[in-house]
Amino acid sequence: MKIESPNAKPLSSQEIAHLEILRAVVKKALEDGQFSIYEVEQIQSLIWEDGKVTYEELRTVNETIISVMGDNPPALEWRSYR
């Protein structure tokens, strides 16, 4: 099913670059098949750096997880590195 957003504005080059960085960080975090607490915090801080969460950011994270992990959701490592 294709979802269309008729009121959506085209992304700026800065927004596209931000999404590429986000995609790379998620891919790197999933190299071992799980997210550590540190990796989750890093991804969240990238998403919230402008004070808001966009649909495109959430979609980028979701699509990257699916492209790396397939139907197997990543595990979350609960121990802290601090």
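Owing to the predicted nature of the structure, the values given are computational and were not obtained by experimental measurement.
For Gln42, the side-chain hydrogen bond (donor to acceptor under 3.5 Å, both in side chains) criterion is met by no residue, not counting sequence neighbours. Residues that satisfy the side-chain hydrogen bond (donor to acceptor under 3.5 Å, both in side chains) test with Thr54, not counting sequence neighbours, are Glu57. Remark: Ser13 engages no residue in a side-chain hydrogen bond (donor to acceptor under 3.5 Å, both in side chains) (not counting sequence neighbours). Every side-chain contact (heavy atoms from CB on, under 4.5 Å) that Glu49 has, sequence neighbours left out, goes to His18, Leu46. Contacts of Glu63 classified as side-chain contact (heavy atoms from CB on, under 4.5 Å), with partners at least two apart in sequence or in another chain: Arg59.
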Identify all side-chain donor-acceptor contacts of residues 20-29 below 3.5 Å with residues at least two apart in sequence or on another chain.
| unit_1 | atom_1 | unit_2 | atom_2 | d |
| --- | --- | --- | --- | --- |
| Glu20 | OE1 | Arg23 | NH1 | 3.3 |
| Glu20 | OE2 | Arg23 | NH1 | 2.6 |
| Lys28 | NZ | Glu31 | OE1 | 3.3 |

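Considering only heavy atoms from C-beta on, Ile65 comes within 4.5 Å of Pro74 through its side chain.
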**OP:** Output, in order, the C-alpha distance, side-chain angles, deciding distance and verdict of side chain to side chain contact (heavy atoms under 4.5 Å, CB included) for Glu56 and Leu19.
**Re:** CA-CA 8 Å; Glu56 289 81 10; Leu19 294 176; 3.9 Å; yes

**OP:** Show your reasoning for whether side chain to side chain contact (heavy atoms under 4.5 Å, CB included) applies to Gln34 and Leu76.
**Re:** CA-CA 6 Å; Gln34 65 183 5; Leu76 179 59; over 6 Å; no

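Under the side chain to side chain contact (heavy atoms under 4.5 Å, CB included) rule, Asn62 has a single partner from Thr60, Ile66, Leu58, which is Ile66.
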